[in-house]
Amino acid sequence: MATTPLDRTRVARTALKLLNETGLDGLSLRAIAKELDVKAPALYWHFKDKQALLDEMATEMLRRMNEELVAELLPGTGWQEALTAAMRGLRRHLLKYRDGAKVYSGTHFTDLSYAAPMEAHLRTLTEAGFTPGGAARAWLTAYSYTIGFVIEEQSMGPDPAKEEGGYDLAARAERLAAYPLAAAAGQEMFRDYDGGFEKGLTAVVTGIGATLRES
């Protein structure tokens with residue numbers, strides 16, 4: 001049996017390790033307990049259910065992300081560059097975990113790890129001419145784009161554990177033979193995710209500047 005004291009952080013870190021092996025659907029409290037060499041009921045002292053565990057996993061992901069992204073922030077950076085860099089960093093970190101975006105989205109952080117980075121980003125936006133409401137909407141818009149993009153990317157792209165699979169574009173094009181524009185769109189939508197993300201992010205940031213920033 002385990003001799004190292006069991007706590008929420010240790011369980012969450014073990015769960016993130018297993019996530020890359022099993023994916024979100026295969027992750028269970030039983031499997032985590034086995035990895036920790038404890039009985040499954042021991043985990044319920046720390047987490048009432050799987051959603052509570054996902055909340056802690058997302059918070060641990062955020063803690064790790066903050067350690068790296070704070071070091072990357074440059075003083076005097078314009079709001080467009082700062083927002084773009086933040087979203088690139090978010091995507092990069094979500095991609096470190098199999099189904100990382102699904103774990104991260106829709107969760108409730110278990111501490112205030114998010115508060116200081118959010119305050120800094122919102123301050124950059126308000127100092128650049130956004131109202132507080134406009135800054136909040138700008139951040140949420142870019143954040144939602146990034147989360148949604150990575151969910152689709154991880155769902156439709158190759159399995160990172162096996163480094164194979166992904167959307168069969170030839171079969172898709174065959175099914176859509178009567179719809180040539182929709183068939184051709186597959187190459188843009190389901191290939192070169194790095195390039196696609198950058199194009200979409202540029203469109204989002206440009207749109208934010210045109211519609212949410214005070215002139």
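The residues of the chain are indexed from 1 along the displayed sequence. For the numbers below, each heavy atom of this structure counts, side chains included, while hydrogens, waters and symmetry mates do not.
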[X] side chain to [Y] main-chain N or O, any donor-acceptor pair under 3.5 Å?
X: T126; Y: R123; answer: yes
X: N66; Y: S113; answer: yes
X: R191; Y: G186; answer: no

*Given L94 and M61, is the side-chain contact (heavy atoms from CB on, under 4.5 Å) satisfied, shown in steps?*
CA-CA 8 Å; L94 294 177; M61 292 167 66; 3.8 Å; yes
*Has E188 got more than 12 heavy atoms of other residues, nucleotides or ligands less than 6.0 Å from its CD?*
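Result for CD/E188: open.
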*K96 NZ: over 12 foreign heavy atoms closer than 6.0 Å*: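 Yes - once you tally the heavy atoms of other residues, nucleotides and ligands closer than 6.0 Å, there are more than 12.
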Who passes ring pair (Phe, Tyr, Trp, His ring centres under 6.0 Å) against [X], sequence neighbours left out?
X: F130; value: W79
X: F47; value: none
X: Y44; value: none

*Considering only NZ, NE, NH1 and NH2 on the basic side and carboxylate oxygens on the acidic side, decide whether R98 and D25 come within less than 4.0 Å.*
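Here R98 does not pair with D25 in a salt bridge, since their nearest N and O are not under 4.0 Å apart.
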Do you know which two heavy atoms are closest between [X] and [Y], and how far apart they sit?
X: L90; Y: T146; value: CD2-CG2, 3.8 Å
X: I147; Y: S105; value: CG2-CB, 3.6 Å
X: K48; Y: A52; value: N-CB, 4.1 Å
X: V150; Y: A101; value: CG1-CB, 3.7 Å
X: L83; Y: V205; value: CD2-CG2, 4.3 Å
X: T22; Y: L27; value: OG1-N, 3.5 Å

*Which residue pairs pass the side chain to side chain donor-acceptor pair (under 3.5 Å) test when at least one of the two sits in residues 127-142, sequence neighbours left out?*
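Listed by first then second residue: nothing to list.
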*Pairwise side chain to side chain donor-acceptor pair (under 3.5 Å) hits with a residue in residues 54-65, at least two apart*: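 Of all non-adjacent pairs touching residues 54-65, those that pass side chain to side chain donor-acceptor pair (under 3.5 Å) are R8-E56, R13-E60, Q51-D55, E56-R63, E56-T110, T59-T110, E60-R63, E60-R64, R63-D111, R64-Y97.
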_Within this structure, what is the CG-CE distance for the pair L62 and M57, rounded to the nearest 0.5 Å?_
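With rounding to 0.5 Å, CG (L62) is 14.0 Å from CE (M57).
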_Gap separating the CG atom of D37 from the OG1 atom of T14, nearest 0.5 angstrom_ =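 Interatomic distance, D37 CG to T14 OG1, rounded to 0.5 Å: 11.5 Å.
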_Evaluation steps, side-chain contact (heavy atoms from CB on, under 4.5 Å), between L125 and L212_ = CA-CA 10 Å; L125 290 166; L212 295 176; over 6 Å; no
*asked:* Is there a side-chain contact (heavy atoms from CB on, under 4.5 Å) between Y143 and M118? Walk through the geometry before answering.
replied: CA-CA 11 Å; Y143 176 89; M118 176 178 285; over 6 Å; no
*Measure from NZ or CZ of R91 to the centre of the six-membered ring of F197 and say whether it is under 6.0 Å with the direction within 45° of the ring axis.*
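Pair R91/F197 counts as cation-pi.
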*Going through the distances and angles, do H93 and Y104 end up as a side-chain contact (heavy atoms from CB on, under 4.5 Å)?*
CA-CA 10 Å; H93 278 268; Y104 199 80; over 6 Å; no
*K50: salt bridge (charged side-chain N to carboxylate O under 4.0 Å, His left out) partners, not counting sequence neighbours*: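 K50 satisfies salt bridge (charged side-chain N to carboxylate O under 4.0 Å, His left out) with no residue once adjacent residues are dropped.
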